[in-house]
Amino acid sequence: MKLELSRVIQGGARLGVLQGIGRTGQHSLKVPGCLLYTHFGTVPHLTQDTLQTVNNLPSVTQVTLSNIAEHQEVLEEFKEGFKAFAGLHNTVLYCSLHDPATRSPTGYATNKTVSVWGSGGRIELTASKFMALLKTVKPDWYQSMADGETWQTNTSRKRIRKSVDRTLAYLDECLLVHQKSQDLDGVELFGVVEGGDVMEERVRSARETAKRPVAGFCLDGLQTGSVDQALRTQLITSMTTELPEDKPRLLQGVGRPDEVLACVEAGVDLFEGFFPFQVTERGCALCFNYDVSPDPECAVLELNEEKHSAGDNMQPKGDLNCEDQTQMTSFEMNLKDKRYQDDFKSLVEGCGCYCCKNHQRAYLHHLLVTNELLAGVLLMIHNMTHYQNFFGAVREALATDKMDLLKKRVHGETRNT
Amino acid sequence: MSLQKALSAASPLTLRIVAECPVTKARACDLTLPHCTVNTPVFMPVGTQGTLKGITVDQLESLGCQICLGNTYHLGMRPGPDLIVKAKGLHGFMNWKRNLLTDSGGFQMVSLVELSEVTEEGVNFKSPYDGKEILLSPEKSISIQNSLGSDIMMQLDDVVSSTVKGPRVEEAMHRSIRWLDRCIAANKNPDKQNLFAIIQGGLDAELRKACLKEMTQRDVSGFAIGGLSGGEEKNDFWRMVTLSTDHLPQEKPRYLMGVGYAVDLVVCVALGCDMFDCVFPTRTARFGSALVPWGSLQVKQKQYAKDFLPIDPDCHCPTCKRHSRAYLHALFKSDTAAMHHVTVHNIAYQLSLMRSVRQSIVEGRFPEFIRTFMKRMFPSRDDYPGWAVDALASVNVTLD
């Protein structure tokens, strides 16, 4: 795996391509970018047929041990690894610990173990069990074991220090097994940087992790709801200055477009793609504007009109510490709203996704009010497409010095430009 | 008679009998409707609320579905006929390019709505959404179905549970005939939308015959056999089916309502039915029950946790091509897409079963097909349901 950076913008934002990823090295992933979010290898609501209607799917698929751990015996018997088990062909598989769309309870990590929560409840993992699991999963990348329980505000310094120590100790244990295991030959391990909201701990965690032979870094404990963006930016900056330039940085648990932009500017390369799923689950469609093309006049008007007209049932902006991730953000429209009952426009005018090309808002509204399963399918297709295109716009903005314009667009300050 | 023929010729439906089984009453037809030609015998999946449970119209089309159902009761309530008109009919609303059949709404009225009362005028009920009193008359049903723009509309019939006996059955039969006349008169789009009559008469052969005699004199595009599949004895069921097809005209399609189990489909094709619908294959899929040539396979059962075969190794559906029983078993714990996988498989199963049935009729080997089908479906001859053996014997098919 090789990170080729074509631009590093002062302040931290990086534009480039992760080349030669996957065991056979035939894949690549543009950064900044996001991973394909799945439940047990399946993009929520979608079968392969419906998923394949989405263009430019991320080349890296994320699965979580929280989904997989309870099926370890099955995978052991299957032997061919998770990709073959899940019918995933032609993708890079990244295995992380927790599902970024749900909060894991705290108070369970010990010096020897971390816990994941599957459908059957809590499963406790020691480093050796963790590594045994990964040998059956056979991912291309994986996140090292980590104590990420410090995301709650008011976590004590002592607890934060302990989480950094533990996570480094876990990493050393994982590395020991990893380096001795033939099964994990060619598999890339991502070290996890912890440190809660304490700058010195962040720096220490980053510095120590960077000393280990890891392929990249997961920045943990900064998920939406844990810190506000100003602090998150500071903490990320403090870490990225400690991290080598040539290795990717994956930020866990952050997906809101405004937060993504700020984190990209602080030097983050990769995000988990769970945000479109959360939007889908609340019956909403992403509709924010990300157009930074040279002639925006005609393209943006429609989007902005929509946002403004839908304004009265939207969450106020800046409510970043909101604990409840089920709350709608200003980047989406609530299709359950009665106003869409007889609205025969596509979700987002000009969007090329399967949903927008084939269906109208009124139909989506109907599917939502009647609790029909197709609502989730169509919204997921649209939201994934919109989000992928947003990342495309981020890269374009970095390439053409338009990050300020993009931020304005995303924040919805472009009316009548 | 000549007038009736002229009217029929003008109807937006043509039926071409492609092949008739020399042994049974089965036939293979090409049923041409406004949106495309349907190859019969056909199973019609049910898309109750303008969507087929989690499946996109493109998926449905690529599975080879040529006609599916929408429910007038549900769609009439939400989103309502006015909105559907604005959306260019149900086809436009759900963006389905092929044929649609809509029911009359009467069945749901009786089965779903507790507070309903049947009078000569129609069915009175309280809306479960806003509590308003609503009258579903034959005129109202057709008016909604005209708004939906379905290729085949069903008459409003007076539905009585198939287990009810006595004068109520006779009353319902006569009323259904009167309502048929009102439906025919109410159809605003006879050039674009077909109307099917529904034969009633419960489990009483004389009432059925009387109903058949009356209804076959009306100018409708096709006939449905109604009032069955409601928990009656299978022995009664098949006798009513075969009696109905004996008296229905050859040149019009016969639709057996609410039938969708594989064995029932094969037997009732042999008894001369062309069209079938049932929620069963899609509903059961959501509970993890996959239809297979040997019955069904409960994917969620523990025994499939380590079973790395596809649901049916011989099936060519997208689910079976990619996923194992073990993966689906596990996925049921993680995501609703597991239901969609089984739904896709079950629709594929139903449609491919009917294609095989048709092929065997065309090739003149339907009786052999039935024998092979039954052998695969049941572990031994002793397990064959008696009613199916009798029904098949009545059309000259003896099982080995």
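The structure displayed is predicted, hence computed values, not measured ones. Just so it is clear: chains get the letters A, B, ... in the order the sequence lines come, proteins before strands, and each one is counted from 1.
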Quick check for you: to the nearest 0.5 Å, what is the distance between [X] atom [atom1] and [Y] atom [atom2]?
X      : Y      : atom1 : atom2 : result
B:K321 : A:D49  : NZ    : CG    : 9.5 Å
B:L52  : A:L374 : CG    : CG    : 9.5 Å
A:D342 : B:K86  : CG    : NZ    : 4.5 Å
B:H340 : A:L46  : NE2   : CG    : 7.5 Å

Which atoms form the tightest heavy-atom contact between [X] and [Y], and what is the distance?
X      : Y      : value
A:H71  : B:A330 : CE1-CB, 3.5 Å
A:H45  : B:D335 : N-OD2, 2.8 Å
A:G87  : B:R322 : O-NH1, 2.5 Å
B:L83  : A:F344 : O-CZ, 3.9 Å
B:F308 : A:V74  : CZ-O, 3.7 Å
B:Y327 : A:G41  : OH-C, 3.6 Å

With only heavy atoms counted, which part of [X] is less than 4.5 Å from chain A, the side chain, the backbone, both or neither?
X      : result
B:H341 : both
B:V344 : neither
B:L328 : neither
B:T56  : both
B:D82  : neither

>> I want to check something: taking the side chain as every heavy atom from C-beta on, are A:T47 and B:Q59 in contact at a cut-off of under 4.5 Å?
In response: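 Sidechains of B:Q59 and A:T47: in contact.
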>> Just so I know, are the side chains of A:H366 and B:L75 near enough to count as touching, which here means a heavy-atom distance under 4.5 Å?
In response: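 Yes, close enough: below the 4.5 Å cut-off.
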>> Test of understanding: with side-chain hydrogen bond (donor to acceptor under 3.5 Å, both in side chains), list the residues that count as partners of A:K83, not counting sequence neighbours.
In response: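 side-chain hydrogen bond (donor to acceptor under 3.5 Å, both in side chains) check on A:K83 returns A:D140.
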Side chain from CB out, backbone as N, CA, C, O: work out which of these in [X] comes under 4.5 Å of a heavy atom of chain B, or both, or neither.
X      : answer
A:F40  : both
A:L75  : neither
A:E372 : side chain
A:E73  : both

> Can any side-chain N or O of A:Y363 pair as donor or acceptor with the backbone N or O of B:G50 at less than 3.5 Å?
Replying inline: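 A pair under 3.5 Å: yes.
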>> Any side-chain to backbone donor/acceptor pair from B:R78 onto A:V369? Under 3.5 Å, distance only.
In response: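 Yes, the answer is positive, given that a donor and an acceptor are paired below the 3.5 Å cut-off.
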>> Within the supplied structure, the quantity of interest is the number of heavy atoms (other residues, nucleotides, ligands) at a distance under 6.0 Å from B:K300 NZ; does it exceed 12?
In response: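 Yes.
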>> If the contact rule is any heavy atom under 4.5 Å from chain A, which residues of residues 88-96 of chain B qualify, in numerical order?
In response: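 Residues of residues 88-96 of chain B touching chain A at under 4.5 Å: B:F93, B:M94, B:N95.
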